[in-house]
Number of protein chains: 2
Amino acid sequence: MTDDDWTIPEITVAVDLAILTVKAGSLQIMLVKRGIPPFEDELALPGGFLESTAEDLDSAAARELTEETGLRAEDLHLEQLKTYGGLGRDPRGRVVSVCYVAFTPNLPAPAAGGDAREVILTPVDDVLRPQVTMAFDHKEIVADAVERARNKLEYTTLGATFCAPEFTITDLRQVYEIVWGERLDPRNFHRKITSVPGFLTPTGGRVTRQAGRPAALYRRGPATILHPAMLRT
Amino acid sequence: MTDDDWTIPEITVAVDLAILTVKAGSLQIMLVKRGIPPFEDELALPGGFLESTAEDLDSAAARELTEETGLRAEDLHLEQLKTYGGLGRDPRGRVVSVCYVAFTPNLPAPAAGGDAREVILTPVDDVLRPQVTMAFDHKEIVADAVERARNKLEYTTLGATFCAPEFTITDLRQVYEIVWGERLDPRNFHRKITSVPGFLTPTGGRVTRQAGRPAALYRRGPATILHPAMLRT
DNA sequence: CCAAAAGTGTTCCTCTTACACCCATGA
DNA sequence: TCATGGGTGTAAGAGGAACACTTTTGG
């Protein structure tokens, strides 16, 4: 920054959230239906304006998360995605939006608490269809968030944050398959994932979901990066 | 965003630039010495405030780039890094800074044109030493920018943007060695890099730098991602 | 000829892929 | 008992690491 003319341009800063989860066989995103103009009745990301006095960006994201969905930031992975500042993105004026992505396990209930009028979970594939529109430039943000999720599965242990506290290797593989939209060999996936030190810690428990041999249960381990990476084809 | 109370919190948006180059055997970053308070005489990233009426974020970054260094955005790689919005980061008030990283070949001359009082190139290793301080939270930003550069070398063809328009494979290898701070086997590097389709296009030219067999000259090819990736050890 | 840097060939090893096979349960 | 999913073994191939060796220049 090279300082000088200390004016206050009329710009507002918002924080928006792309909250992703895996549910019912698809990657879903939490959206709100707007209750007031602009874009009344259209779909938008949960979010709000940054309060200038009392919070940094990460705190603002955590606050909006709790206000609009009831989720707690400590329970999920929340990271900055990108900042959007196109000129025409908000008809009310100049709004720069700092966007965050969150990854959560199958949510207890969208629990439309707080500010939000109506909170819904939708498969991202539905939202990203060409004929579907969203408020502001939020559709582009959704696409970027999904892309981020897909990439992070490759080289981090993030996949497990989409799973319940205790999960089987098949649960985890299905997360990969759903997010990537790609079939994976269960045998090779099993071997690879169990060979990454610190990714999975066995609980000792076993479950039978539908039929067949019971699967071992695991919890998330301390590892955060995946080495060697799980590469897509 | 869930709209509602349409107030204008007193927040200012800045755009800062982390311009990286490889020069004289080290990874260097372009910094300005501040001429006025706060942080007078301290080192800072080039940047400035976002003009609310006429430019999106990318344009603002390109404008600041040209104003403060004389470089043109078309000639280099400029991408958004991260947004910094800590509470105490600017003593004048609440400033949210959208930061960009740029990668350029050995610069013609820091050419202190435009706003900047004094523009200097410094090795990032010097700047990141514990005893060195910078204005605002710019030291943290420098660290993040360097980290981004290191990672991008692994899976993109970005390394070539640090080289002159025509370069040898040894030039490119030295970029990797300098940015990563790690020796690479020249033979294996040569084989690997030439086997990536579209990364390098031979110009037919040859040069002898100091001694030995002349090296073939290459230009950047159309490829942008590196597959398979060049992994660090 | 010799030093030095460019570039090729070769071997070993790790990881991926594809798939045969065995294991443990419910019906 | 058989169907179903969990989990292991294994062989072929791709890519990485280490390094011997050849090529082409300047002095």
Side-chain angles (χ1 to χ4, degrees), chain A residues 25 153-155 157 159 163-164 166-178 180 182-219 223 225-233, chain B residues 25 153-155 157 159 163-164 166-178 180 182-219 223 225-233:
Chain A
L153 285 194
E154 289 198 342
Y155 57 93
T157 60
C163 296
E166 295 206 353
F167 55 91
T168 67
I169 290 183
T170 296
D171 292 337
L172 183 58
R173 175 171 49 81
Q174 285 170 349
V175 166
Y176 275 83
E177 292 182 335
I178 289 164
W180 283 352
E182 194 178 291
R183 297 307 266 177
L184 299 175
D185 185 302
R187 285 89 47 112
N188 291 335
F189 183 85
H190 184 285
R191 189 193 347 264
K192 176 150 180 63
I193 231 65
T194 51
S195 73
V196 177
F199 192 172
L200 302 178
T201 49
T203 66
R206 309 192 142 262
V207 274
T208 307
R209 292 258 199 268
Q210 292 146 41
R213 173 174 170 177
L217 283 169
Y218 296 87
R219 245 188 268 278
I225 64 151
L226 209 53
H227 186 76
M230 280 274 298
L231 299 171
R232 272 180 286 180
T233 49
Chain B
L153 284 195
E154 288 197 345
Y155 58 94
T157 60
C163 295
E166 296 205 352
F167 56 91
T168 67
I169 289 182
T170 296
D171 293 336
L172 183 58
R173 176 173 47 83
Q174 285 171 348
V175 165
Y176 275 84
E177 292 182 335
I178 289 164
W180 283 351
E182 194 178 291
R183 298 305 267 178
L184 299 176
D185 185 302
R187 287 94 40 121
N188 290 336
F189 183 86
H190 185 283
R191 191 196 344 267
K192 175 149 181 63
I193 231 64
T194 51
S195 73
V196 177
F199 192 172
L200 303 176
T201 49
T203 67
R206 308 193 142 262
V207 274
T208 306
R209 291 258 200 267
Q210 291 146 42
R213 174 174 170 176
L217 284 169
Y218 296 86
R219 244 188 269 280
I225 64 150
L226 209 52
H227 187 77
M230 279 273 299
L231 298 171
R232 273 181 283 180
T233 50

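Atoms considered below: every heavy atom in the structure, side chains included; atoms not considered: hydrogens, waters and symmetry mates. Proteins come first, then strands; the chains are lettered A, B, ... in the order of their sequence lines, and each starts at number 1.
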Distance in angstrom units between A/N188 CG and C/dC21 P, rounded: 17 Å

Using a strict 4.0 Å threshold on nitrogen-to-oxygen distance, state whether B/E182 and B/R232 make a salt bridge. no

Please work out if B/T170 contacts a base, only the sugar-phosphate, or nothing of the nucleic acid, heavy-atom cut-off 4.0 Å. sugar-phosphate

In this structure, how many angstroms lie between the C1' atom of C/dA5 and the CG atom of B/L184, rounded? 17 Å

Distance, rounded to the nearest Å, where B/I169 contributes CD1 and C/dG7 contributes C1': 9 Å

Which is more 5' along DNA chain D, the nucleotide nearest A/R187 or the one nearest B/P214? Just name the residue. A/R187

Let me know the distance between CG of A/L217 and P of D/dG5, rounded to the nearest Å. 17 Å

Closest-nucleotide 5' rank along DNA chain D - winner of A/Y218 and B/R191: A/Y218

For the side chain of A/P228, counting heavy atoms from C-beta on, which of C/dA18, C/dC15, C/dT25 is nearest? C/dC15

OP1 or OP2 of D/dT4 less than 4.0 angstrom from a side-chain nitrogen or oxygen of A/Q210, does that happen here? no

Quick one: A/D185 CG to D/dT10 C1', roughly how many Å, whole number? 14 Å

Against the side chain of A/A215, the closest entry in D/dG7, C/dC19, D/dC19 is D/dG7

CD of A/E177 to CG of A/L172: how many Å apart, nearest 0.5 Å? 10.5 Å

Could you tell me the separation between the CG atom of B/D171 and the P atom of C/dG7, rounded to a whole number of Å? 11 Å

Figure out the CZ/C1' separation between B/F189 and C/dT8, and round it to whole Å. 17 Å

Please check the phosphate of D/dG7 (OP1 and OP2 only) for any side-chain N or O of A/H190 closer than 4.0 Å. yes

Not counting sequence neighbours, which residues clear side chain to side chain contact (heavy atoms under 4.5 Å, CB included) with A/P214? List them please. A/R206, A/T208

If you check the A/T208 side chain, which of C/dT17, D/dG26, C/dT25 turns out closest? C/dT25

I need the B/L231 CG to B/L226 CG distance, nearest 0.5 Å. 9.5 Å

Relative to the 5' end of DNA chain C, which residue comes earlier, B/R206 or A/A211, by the nucleotide with the nearest heavy atom? B/R206

Here the gap from A/T168 atom OG1 to A/R173 atom CZ, rounded to the nearest 0.5 Å, amounts to 8.5 Å

Please report the distance, rounded to the nearest Å, between CD1 in B/I193 and C1' in D/dG16. 13 Å

Considering just the side-chain nitrogens and oxygens of A/K192, establish if one lies under 4.0 Å of OP1 or OP2 belonging to C/dT16. yes

